[in-house]
Amino acid sequence: MMPGTIPASVRLSSWGWRHAGRRDAAVRDLDLSIEPGERVLLLGASGSGKSTLLAALAGVLGGDEEGEEFGSVLVDGRNPAQQRGTSGLLMQDPDAQVVLARVGDDVAFGCENLGVERSEIWRRVHASLEAVGLDRPPEFPTAQLSGGQKQRLALAGVIAMQPGLLLLDEPTANLDPVGVVEVRDAVASVIERTGATLVVVEHRVEVWRSLVNRVIVLDHGGSVLADGAPDEILRAEATHLSAAGVWVPGVHAEAFSPGDLGGSDAQLLLEAKDLAIGRPRSAIIATGLSLQIAAGRTTVITGQNGAGKSTMALTIGGLIPTRGGALAATPALAAGAADSPIRWRSRELLGRIGSVFQSPEHQFIAQTVRDELAAGPRALHEPADAIDRRVDELLARLRLDALAAANPFTLSGGQKRRLSVGTALATRPKLLIFDEPTFGQDAVTWRELIALFCELRAEGHAIVAVTHDREFARATGAVEWRMPDRRQLVDAASGPS
């Protein structure tokens, strides 16, 4: 065990939490004990309260203005908020944990707040960056990291603190397949060296199955559905767990029939030729990119973390300018507007291209889920009754109808992702661009999203998705377009992705 690390215990008694302004409790009547050194995989349907539970164990749920707490939760016998340094939390949204402008300073931030000696801090910084596979120097700007790289950065900052309770909320969600293995192995190494107690939230069991010694499954009400040794629980409760949305190894998603992929005669909507991409005021990430997007076809953009996938999505979506080459919409998509999407006014873009960002919160503008879905159609001055019908349909289809009056920012990660997908669908654009569209979904909501995407494609919509989800590509009959694995840069610095 690493000096200074004392594995923590967890005790919850009739514990629950209700978000402010919500009648339903995210978690209720939860009784649970976790012994020091246990390694727990926390499973459950989207919205079952997994992230809420981790926030409670880390002592960061917030005050009375954010919600109401019931029962008791103790870490090493004390209120988690009083256990400074005992818990280390990796949140679902890595952007929420980036604090400082440089990579090394950001990793060091937690250690500095714990009063760790300076020489020891920087030893931990370098060791943590190496452990999570973040190949950027300490002086590298955090603003220029991709979403997956920020996820590694946040994990490095957590493990550098050497907490006795390691809380990880979907730590591999935005990582490429190689990164998934690297991060899982980094966590395994930390647990082996420190003996820390581990609670990790994931939807897909197989990644963490070999590392954990206990599985806890929450039901839709936040109560315990199953609890025990991984093999025992997965064998005895496989059918039940799969129906509840757990990704059980060996229980496959239902087959989809994506149908005709669209031949060479499919209607062309958008074409990139010899394209160069990069964020404004940052270095060019990649050059020489060519891509055709046609109606009735699904294209998945794949590649390593940091290769520029998200930047490519923003560029073809008309949200940031190209850095060279050509990007042109055909008359079938432009419909009388200019041939370059970046020149379109907001209303012109809204009815032609719908974009879903990697972080859902970055595009929420309304105070309720219903108003969020209605915002786009209202901006297009569609009739009120037509808007109401479409919003009702989306609420039901995306399993958000019970949350229509909720603030979007109080939703779970998976619910936020489905809402962001719904906002893009609400204006019925011909081209839909999604960045990690299945992030945070359980098996049930994943299948429902896939069915929805297949229907959209069959109706003639073009779909472009940045994703590491191989099953998404298979189930939607997608054509893969891969970003170059090595960046082609104009200078030594690299840009965001």
Side-chain angles (χ1 to χ4, degrees), residues 258-273 275 289-301 310 312-322 326-357 363 373-383 386-387 389-391 393-394 397-398 418 420-435 437 449-467 472-473 476-481:
D260 182 15
L261 297 180
S264 58
D265 59 343
Q267 186 181 48
L268 186 64
L269 299 180
L270 191 68
E271 184 172 19
K273 290 183 179 180
L275 193 66
L289 306 176
S290 296
L291 173 65
Q292 290 186 333
I293 299 171
R297 182 182 295 166
T298 300
T299 301
V300 293
I301 298 177
S310 296
M312 183 65 173
L314 292 171
T315 303
I316 63 177
L319 298 175
I320 61 175
T322 64
L327 177 66
T330 68
L333 180 62
D339 64 357
S340 177
I342 194 65
R343 295 171 56 193
W344 295 347
R345 298 189 301 271
S346 297
R347 285 184 60 189
E348 290 177 321
L349 191 64
L350 193 61
R352 291 166 174 80
I353 302 177
S355 292
V356 171
F357 303 153
Q363 61 194 103
L373 291 171
R378 285 173 181 163
L380 293 176
H381 303 300
E382 296 188 17
I387 294 175
R389 286 194 302 271
R390 193 173 312 150
V391 169
E393 179 184 354
L394 287 170
R397 192 69 188 271
L398 298 170
R418 297 201 301 280
S420 64
V421 168
T423 61
L425 301 181
T427 57
R428 298 177 294 184
K430 287 186 177 181
L431 171 57
L432 291 156
I433 301 174
F434 302 105
D435 198 339
L449 280 179
I450 294 298
L452 181 58
F453 292 145
C454 288
E455 290 173 16
L456 289 166
R457 211 201 67 182
E459 293 170 1
H461 296 271
I463 297 173
V464 176
V466 172
T467 185
F472 172 90
T476 58
V479 175
E480 181 180 6
W481 187 86

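Sequence positions, counted from 1, serve as the residue numbers for this chain. Just so it is clear, the model here is predicted, and its values are computed rather than measured.
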Problem - Residue list, side chain to side chain donor-acceptor pair (under 3.5 Å) with Ser420, at least two apart or on another chain - result: Arg417

Problem - Min side-chain heavy-atom separation Phe357-Leu314 under 4.5 Å - result: yes

Exercise for the section: Output all residues satisfying side chain to side chain donor-acceptor pair (under 3.5 Å) with Arg352, sequence neighbours left out; order by chain, then residue number. Expected result: none

Problem - Leu456 and Leu425, any side-chain heavy atoms less than 4.5 Å apart - result: yes

Completion exercise
Applying salt bridge (charged side-chain N to carboxylate O under 4.0 Å, His left out) to Arg389 and not counting sequence neighbours gives Asp385

Problem - Check: Trp481 side chain, Gln292 main-chain N or O, donor-acceptor pair, under 3.5 Å - result: no

Completion exercise
Residues passing the side chain to side chain donor-acceptor pair (under 3.5 Å) test with Arg428, sequence neighbours excluded, are none

Fill in the blank from the handout: Sorted by chain and residue number, the ring pair (Phe, Tyr, Trp, His ring centres under 6.0 Å) partners of Phe453 (sequence neighbours excluded) come out as Phe434, Phe472

Practice task
Please say whether more than 12 non-hydrogen atoms of neighbouring residues, nucleotides or ligands are located less than 6.0 Å from CZ in Arg378.
Solution key: yes

Handout entry: Expected output: side-chain Lys430 to main-chain Ala332 donor-acceptor under 3.5 Å
Key = yes

Problem - Close side-chain approach of Ile463 to Thr476, heavy-atom, < 4.5 Å - result: no

Practice task
Would you mind reporting whether Ile353 and Leu319 have side-chain heavy atoms less than 4.5 Å apart?
Solution key: no

Practice task
Report yes or no: does Arg297 contribute a side-chain atom to a donor-acceptor pair with the main-chain N or O of Ala266 at less than 3.5 Å?
Solution key: no

Exercise for the section: Starting at CD of Gln363, measure out to OG1 of Thr423 and round the result to the nearest 0.5 Å. Expected result: 4.5 Å

Practice task
Apply side chain to side chain contact (heavy atoms under 4.5 Å, CB included) to Leu275 and list each qualifying residue two or more places apart in sequence or on a separate chain.
Solution key: Ala272, Ile277, Leu289, Met312, Thr315, Thr322, Leu327

Practice task
Compare all side-chain heavy atoms of Leu270 with those of Pro341 and state whether any distance is below 4.5 angstrom.
Solution key: yes

Handout entry: Over 12 non-hydrogen atoms of neighbours within 6.0 angstrom of CD in Glu393
Key = no

